[in-house]
Asks: 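Sharing a structure, written as structure tokens. Questions coming.
Order of appearance sets the numbers: ligands from 1, and atoms from 1 within every ligand. Just the heavy atoms: all of them, side chains too, but no hydrogens, waters or symmetry mates, feed the values below. Numbers here simply count residues along the sequence, with the first being 1.
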Amino acid sequence: MNKQGSLSINSENIFPIIKKWLYSDHDIFYRELISNGCDAITKLKKLDMIGECSLPDDYEAKIQVIVDPETKTIQIMDNGIGMTFEEVDEYINQIAFSGAQDFLEKYKDKTNDDQIIGHFGLGFYSAFMVAEKVTIDTLSYRDGATSVHWESEGGTDFEMTEGDRTVPGTTITLYLQDDCTEFSNLYRAEEVISKYCSFMPVPIFVSEAKAEEETDEPIEVTEDGEVKADESEESENKPEEPKPINDTHPLWAKHPNECTEDEYKEFYRKVFHDYKEPLFWIHLNMDYPFNLKGILYFPRLNYQYENIEGTIKLYNNQVFIADNIKEVIPEFLLLLKGVIDCPDLPLNVSRSALQNDGFVKKISDYITKKVADRLTGMYKTDKENYEKYWDDISPFIKFGYIRDEKFEKKLNDYILYKNIDGKYLTLPECLEENKEKHENTVFYVTDEKEQSQYINMFREAGTDAVILSHNIDSAFITHVEAKNKDLKFKRIDDDLSDVFKEETAEDEKESFETAAKELADAVKTALGVEKLDVKVEKLKNASVASMITLSEEGRRMQEMMRMYSMSGMDDSMFAPTQTLVLNVNHPLVQYVQNHKDSEMAAEVSKQLYDLALLSHGSLTPDRMAEFITRNNELMLKLAEEK
Ligand code: ADP
Ligand code: MG
């Protein structure tokens with residue numbers, strides 16, 4: 001029953017393609033061969049269940065991977081269904097190889113950026129990515145089956161003979177190519193297998209081949225026949241109970257009712273190596289109309305401005321495919337951390353095909369809907385926690401709101417704005433609260449420290465503002481404005497609204513304006529700063545002498561330019577014109593007004609400007625140096641006068 005043959009693959013053109021294709025992902029052969037072993041075991045168990053065969057009582061399904069860096073070989077052994085001579089011929093010689101050939105034919109002209117998700121489709125053939133010779137030793141579970149030995153060098157010619165395997169199952173042996181011997185290193189092997197096989201449904205044991213000389217130490221037996229336990233604490237010679245590298249029952253596969261809070265947290269730590277506890281999670285569990293399971297975690301952010309970067313791991317029947325496949329998982333969800341297992345995904349296609357696949361779109365929509373429902377549900381039934389988590393989850397929600405129309409619609413009424421008193425309001429609530437003072441305008445703070453002067457003024461005037469300090473917020477408010485035609489967001493240092501100003505009697509208006517203009521001109525001349533407007537106002541808050549305002553439009557324009565301009569470009573070109581507001585109710589400003597052309601008034605003007613800049617959070621290094629010198633001089637003058 002020997003057989004030889006050539007596979008209808010032309011090695012000259014196939015290997016360069018494979019090499020190019022799988023250049024960085026050589027390691028998937030482990031996944032493919034181990035998952036074949038899992039499949040073989042699953043099939044055997046099914047046959048046992050339906051009574052087609054009967055497994056011995058002590059049957060323990062397992063896959064063993066034995067690496068041998070000495071001989072540069074890897075063995076992958078399973079005690080699954082095995083194959084008969086005919087099956088090897090059909091499944092390996094014909095199907096596996098023709099499958100690989102189809103796969104390569106189909107994708108050989110595609111460029112690298114249109115890759116197959118996780119390189120599915122190569123299956124058994126992927127062994128030739130790393131091995132110059134591959135052998136199969138297999139015995140079918142069927143009564144009276146004879147064992148088969150198959151081998152192929154280079155993946156184009158094969159030879160089949162009778163083998164010497166005596167227990168059902170299959171062993172694949174890889175004789176590694178010189179440039180791939182790393183995979184016979186135990187640590188490397190464990191690393192790769194952990195990456196792809198951590199949740200496969202059959203226990204996987206990885207070990208290094210033992211050297212020939214076995215240490216046959218005599219086992220001590222006590223008088224009543226029990227094996228004596230090793231008493232020394234460091235029992236180096238005691239073989240440790242081997243542990244599988246994988247968890248065959250991943251948490252996502254369990255029913256949510258059966259999972260405890262600790263289990264969710266433990267799973268999160270294990271999979272994402274994040275020692276900060278997640279805020280909360282969503283367990284996806286769906287059987288119809290498609291099969292999808294998974295857990296999405298909302299991570300706790302480190303600090304306010306941290307760039308959030310999540311990971312969504314995609315699995316196919318507990319076999320890891322890849323991280324962050326944005327064709328399947330809505331982009332904004334990639335800010336979360338989680339696992340998704342979807343056995344129905346068509347992974348045998350290129351990424352662009354996946355992107356246009358209606359079924360995949362449905363999956364992606366379902367995930368979005370679930371996340372939205374969970375969030376709105378929390379708002380409705382557990383508002384306290386929703387508010388508590390808001391600062392952490394808001395960047396994610398806002399990103400989704402901007403990126404995904406369906407998500408936007410669902411979350412529209414559930415976006416919160418934290419005001420300067422730490423209260424959380426919805427947009428309608430914000431607007432209602434300030435209806436009289438500034439209709440359809442929401443004032444916001446981007447930096448509580450820098451803008452504290454303005455916040456104090458707002459507080460005193462009983463006017464509200466909200467905190468929007470994350471870097472997503474500028475895109476977010478633009479989006480909200482586009483959706484709400486009359487609505488305007490203005491930063492708190494935008495032009496001062498009338499609430500802060502004292503009214504001027506009708507008959508005093510003209511004289512006030514003339515005086516104000518004169519003062520403004522004098523200060524402007526004294527300062528000699530080009531891009532600066534000076535405005536004189538009567539502010540209710542008499543303790544404020546000077547402050548800077550920055551028009552919303554100008555500032556947004558600059559931010560946009562900054563975003564789009566090439567790095568290294570001088571963005572002072574786009575610097576918006578600042579306004580220096582002088583409060584004529586303050587004695588220092590009155591002093592300047594009353595001593596307009598004096599040297600001291602000029603000094604005080606500069607001081608007022610620098611102080612306003614300082615409380616606005618910015619003094620250039622040059623100005624800062626001048627400011628300090630001037631301060632010292634002024635103090636000296638004061639001291640000398642005393
Ligand atoms: P796929 O797993 O997608 O069917 P593969 O190329 O990985 O494609 O494998 C081809 C076929 O070879 C499998 O469908 C299976 O019938 C057979 N096979 C491969 N490995 C094993 C194994 N370890 N035990 C039994 N059958 C196997
Ligand atoms: Mg396979």
Side-chain angles (χ1 to χ4, degrees), residues 7-9 14 18 22 25 27-48 52-53 55 61-66 74-106 116-131 134-142 145-152 155 158 160 163 165 167-174 193 196-197 200-205 315-321 343-349:
L7 300 151
S8 49
I9 285 180
I14 275 210
I18 291 175
L22 299 178
D25 288 342
D27 59 1
I28 61 149
F29 78 91
Y30 262 129
R31 172 184 73 190
E32 294 301 321
L33 299 180
I34 293 175
S35 69
N36 280 351
C38 282
D39 292 347
I41 287 167
T42 310
K43 283 179 198 160
L44 184 60
K45 282 185 173 167
K46 253 188 204 144
L47 289 173
D48 176 61
E52 279 287 303
C53 72
L55 288 171
K62 69 172 171 198
I63 289 172
Q64 265 180 291
V65 178
I66 299 179
I74 298 170
Q75 286 194 302
I76 296 165
M77 304 181 235
D78 67 71
N79 53 356
I81 192 171
M83 286 179 275
T84 62
F85 191 88
E86 290 73 26
E87 284 167 341
V88 175
D89 198 29
E90 185 180 344
Y91 298 145
I92 302 297
N93 294 343
Q94 291 164 40
I95 296 181
F97 276 40
S98 68
Q101 194 172 16
D102 284 352
F103 175 85
L104 292 163
E105 277 303 314
K106 215 156 131 196
I116 315 300
I117 299 294
H119 303 299
F120 254 64
L122 269 142
F124 172 76
Y125 199 84
S126 63
F128 292 100
M129 306 295 88
V130 294
V134 178
T135 67
I136 303 174
D137 286 282
T138 183
L139 175 63
S140 165
Y141 78 101
R142 289 171 206 274
T146 41
S147 74
V148 184
H149 176 83
W150 177 97
E151 65 177 70
S152 170
F158 67 87
M160 280 164 79
R165 199 184 162 101
V167 275
T170 304
T171 298
I172 312 281
T173 309
L174 309 187
I193 298 169
Y196 290 113
C197 312
M200 282 192 187
V202 175
I204 303 161
F205 299 88
Y315 293 81
N316 181 281
N317 263 330
Q318 300 178 216
V319 179
F320 175 69
I321 307 303
D344 305 333
L345 276 179
L347 293 169
N348 224 335
V349 299

Asks: Would you say F124 has any N or O atom under 3.5 Å from an N or O of ligand 1, going by distance alone?
Replies: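 It does: an N or O of F124 is found under 3.5 Å from an N or O of ligand 1.
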
Asks: Hey, do the aromatic rings of W150 and F124 have their centres closer than 6.0 Å?
Replies: yes

Asks: Using 2.8 Å as the threshold, say whether any N, O or S atom from N36 sits that close to the Mg ion (ligand 2).
Replies: yes

Asks: Can you see which heavy atom on N79 is nearest to which on A61, and at what distance?
Replies: OD1-CA, 3.7 Å

Asks: Say whether N36, considering both its backbone and side-chain N or O atoms, lies within less than 3.5 Å of an N or O atom on ligand 1.
Replies: yes

Asks: Is the shortest distance from a heavy atom of M83 to ligand 1 less than 4.0 Å?
Replies: yes

Asks: Show the nearest heavy-atom pair for residues L44 and Y141, with the distance to one decimal.
Replies: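 Here L44 and Y141 meet closest at CD1-CB, 3.7 Å.
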
Asks: Show your working on side-chain contact (heavy atoms from CB on, under 4.5 Å) between L174 and L33 and close with a plain yes or no.
Replies: CA-CA 11 Å; L174 309 187; L33 299 180; 4.0 Å; yes

Asks: What part of D78, side chain, backbone, both or neither, has a heavy atom within less than 4.0 angstrom of ligand 1?
Replies: side chain

Asks: Distance check, rounded to the nearest 0.5 Å: I41 atom CD1 versus K46 atom NZ?
Replies: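 Output value for this atom pair is 13.5 Å.
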
Asks: Taking only heavy atoms of I92 into account, list the atoms of ligand 1 that are under 4.0 Å away from them.
Replies: 12 (O)

Asks: Of the backbone atoms (N, CA, C, O) and the side-chain heavy atoms from C-beta on, which set of L33 has a member under 4.0 Å from an atom of ligand 1: side chain, backbone, both, or neither?
Replies: neither

Asks: Report the member of E87, K43, M77 with the shortest heavy-atom distance to atom 15 (C) of ligand 1.
Replies: K43

Asks: Do you know which two heavy atoms are closest between K62 and V202, and how far apart they sit?
Replies: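 Smallest heavy-atom distance, with atoms named: CA-CG1, 3.7 Å.
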
